[in-house]
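A quick write-up on the structure given underneath.
Since we're looking at a predicted model, the values are computed, not measured. Both counts, for ligands and for their atoms, begin at 1 and track the order of listing.
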Amino acid sequence: MFSQFALHERLLKAVAELNFTEPTPVQLAAIPPALEGRDLRVTAQTGSGKTAAFLLPLLNRLLGDANSKQRTDVRSLILLPTRELAQQILKEVERFSQFTFIKSALVTGGEDFKEQAALLRRQPDLLIATPGRLMEHLNAGSLKLNGVEVLVLDEADRMLDLGFAEDIERITAECVNRQQTLLFSATGGGKVLREMIAKVLREPVHLKLNSVDQLSETTVQQIITADDPGHKERLVHWLLTNETYRKAIVFTNTRVQADRLYGHLVAADYKAFVLHGDKDQKDRKLAIDRLKQGGSKVLVATDVAARGLDIEGLDLVINFDMPRSGDEYVHRIGRTGRAGADGLAVSLICHNDWNLMSSIERYLKQRFERRVIKELKGSYQGPKNVKASGKAVGVKKKKTDKKDGAKKSAANKPAAAKRRSNAPKAAPSSLVSQDGMAPLKRKKPAAE
Ligand code: AMP
C-alpha cells in the first residue's frame, strides 16, 4: 500500500489514479530513506519501478515547502543519459504531478536550443536533462543550478559509459546548495562509478535491488545448446515462430551479429528492428515507437543500445550470445515478466558460451532449464565432463619440448585436433565480470 509512505495526499491520489496498488521492492526500500532526506545509491534496473522510487520523494519535497511559490530557480535536477529516457521520465513526472502545480522542463540534445532557453526562463521547479546539453545551457548562461535541492543521477553507469564523467562532475559542483543526491544505476558499475559515488554522495544508504530473486519469480529461464552461429539463427527463427509472446528482444554481443540476424529476420518476413551503437537517434526513435505501438514485435539489440528501454509487453528475451557478466544478464532478463507478468528468457549456448553460462548460473544461484528443440537438435549438447563449478573440464596440454610435442600431438590426436580447429573461436580471456563473480576466463575448448 502506498499510503504507508508519508507522501502528500496529492501524490497518493495520483498513485491511486495510476492503479499502482503495491509498491515494488525498490520503492519499498528507497522511498522511506529518501523521504528522510538521506542520500541513496541504488542498483536497480529499468522495469523495477525505480522511477517512482525517486520521483515520489522528490515531488513530495517540492510540494512540502511552504515557501516554494517564492522560489524562482530550478529546485531539482534529474540527470540521465539519453533523450529517450528523459522523455519517459517526463511522462512519469506528468502522471505523478497531475494534481499539483509543479512545473517541469526537459533539456536534451537534438531539440531547439533557443526554445529550451525560453522554457528555462519560465522557471521550472524540476528539470530533466542530459549532461551534454545541460552543460551548453550552463555555458550560455541560460540557467543557474544554485537553487537545486535534490539531484538525481539516473542510469549513472550508462552516463559514465557514454563519457559524461567530467560533465557530471562540473554539474554536481554547480549544485552548491543541494541537500540530497539520489544515484541509480542498473549495474554495480566499475571503478569510475565508485569514484563518482565517493565524490557526490554523503553517507549514502546503499540499496542493491538487481534482484536475482525477483527474476526467478516471474521469468522462466532456459538454455538451448547450439553448434554455431548459423544454428543459433535457426533457433531464433524457430522460437519467434513457435513461442507465444507479445514482444520479443534478441540480444547479441556485437553490432555485426545484430545486423546479420536482423537481415535474416527481415528476409524471413519478420517485422523486426535493429538497435546498436551505429544507429542514430532517428533510427532509435523509429524502432522504439514501432515496438511500442505494436507495428513490430521483434527488436534485435546490443546491450548498450537497449539500456533504459522501457517497453511494455516485452515477454520474450533471447540471448543470441550470453552476456558478459551476471549483472548484464540480470539487466537483460529483468525486462521480462514485469509487474508479475510471465516472461520467458532463452539463452543460446554454443561451445564457447558454456563456461560463461555456468558462471552466470552460479552468480544467480540457480540452474537454467535445459531445453531441446527436437527438429533443430544439434550435435553439441554441452560438455561431456563438467567440474563441480559446472564449467567444462578442459584438456590439459602436457608440457613437452615444442618440436617433439607438435609431432606427437599431431600423430596422437588427429581427430580431436581437427575438431578443435573447427570449433568456434573462444572470446578473449580478459573478460572479467563486473559483479564480483570470479573472472570469467574462457578455457580452451573442452574435448567433447
Ligand atoms: P521503471 O522501472 O521506473 O521504468 O518502471 C517500469 C514500469 O512499471 C513503468 O511503466 C511504471 O509506470 C510501472 N510501475 C512502477 N511502479 C509500479 C507499481 N508499484 N505498480 C504498478 N506499476 C508500476
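In summary, Glu92 and Arg95 engage in a salt bridge, as defined by a charged side-chain N under 4.0 Å from a carboxylate O.
Counting the atoms of ligand 1 from 1 in the order shown, those under 4.0 Å from a heavy atom of Phe2 are 19 (N). Under a 4.0 Å criterion applied to the non-hydrogen atoms of Glu22, ligand 1 contributes the atoms 18 (C), 19 (N), 20 (N). Interface of Thr51 with ligand 1, defined as ligand atoms under 4.0 Å from a residue heavy atom, comprises 1 (P), 3 (O), 4 (O). In the vicinity of Ser48, heavy-atom distances shorter than 4.0 Å reach the ligand 1 atoms 2 (O). Near Arg95, meaning under 4.0 Å from any of its heavy atoms, are these atoms of ligand 1: 12 (O).
No donor-acceptor pair under 3.5 Å is formed between the side chain of Lys232 and the backbone N or O of Ala226. No donor-acceptor distance shorter than 3.5 angstrom exists from the side chain of Arg158 to the backbone of Leu80, with no hydrogens or angles considered.
Among the atoms of Gly49, some N or O lies under 3.5 angstrom from an N or O of ligand 1.
Ring orientation note: the planes of His237 and Tyr270 are nearly perpendicular, at an angle over 60° on the 30°/60° scale.
Residue pairs meeting the ring-ring contact (aromatic ring centres under 6.0 Å, His included) criterion with at least one member in residues 279-300: none, sequence neighbours excluded.
The shell of residues lying under 4.0 angstrom from ligand 1, judged by heavy atoms, excludes Gln88.
Applying the salt bridge (Lys or Arg N to Asp or Glu O under 4.0 Å) test to Arg370 and every residue at least two apart in sequence or in another chain returns Glu361.
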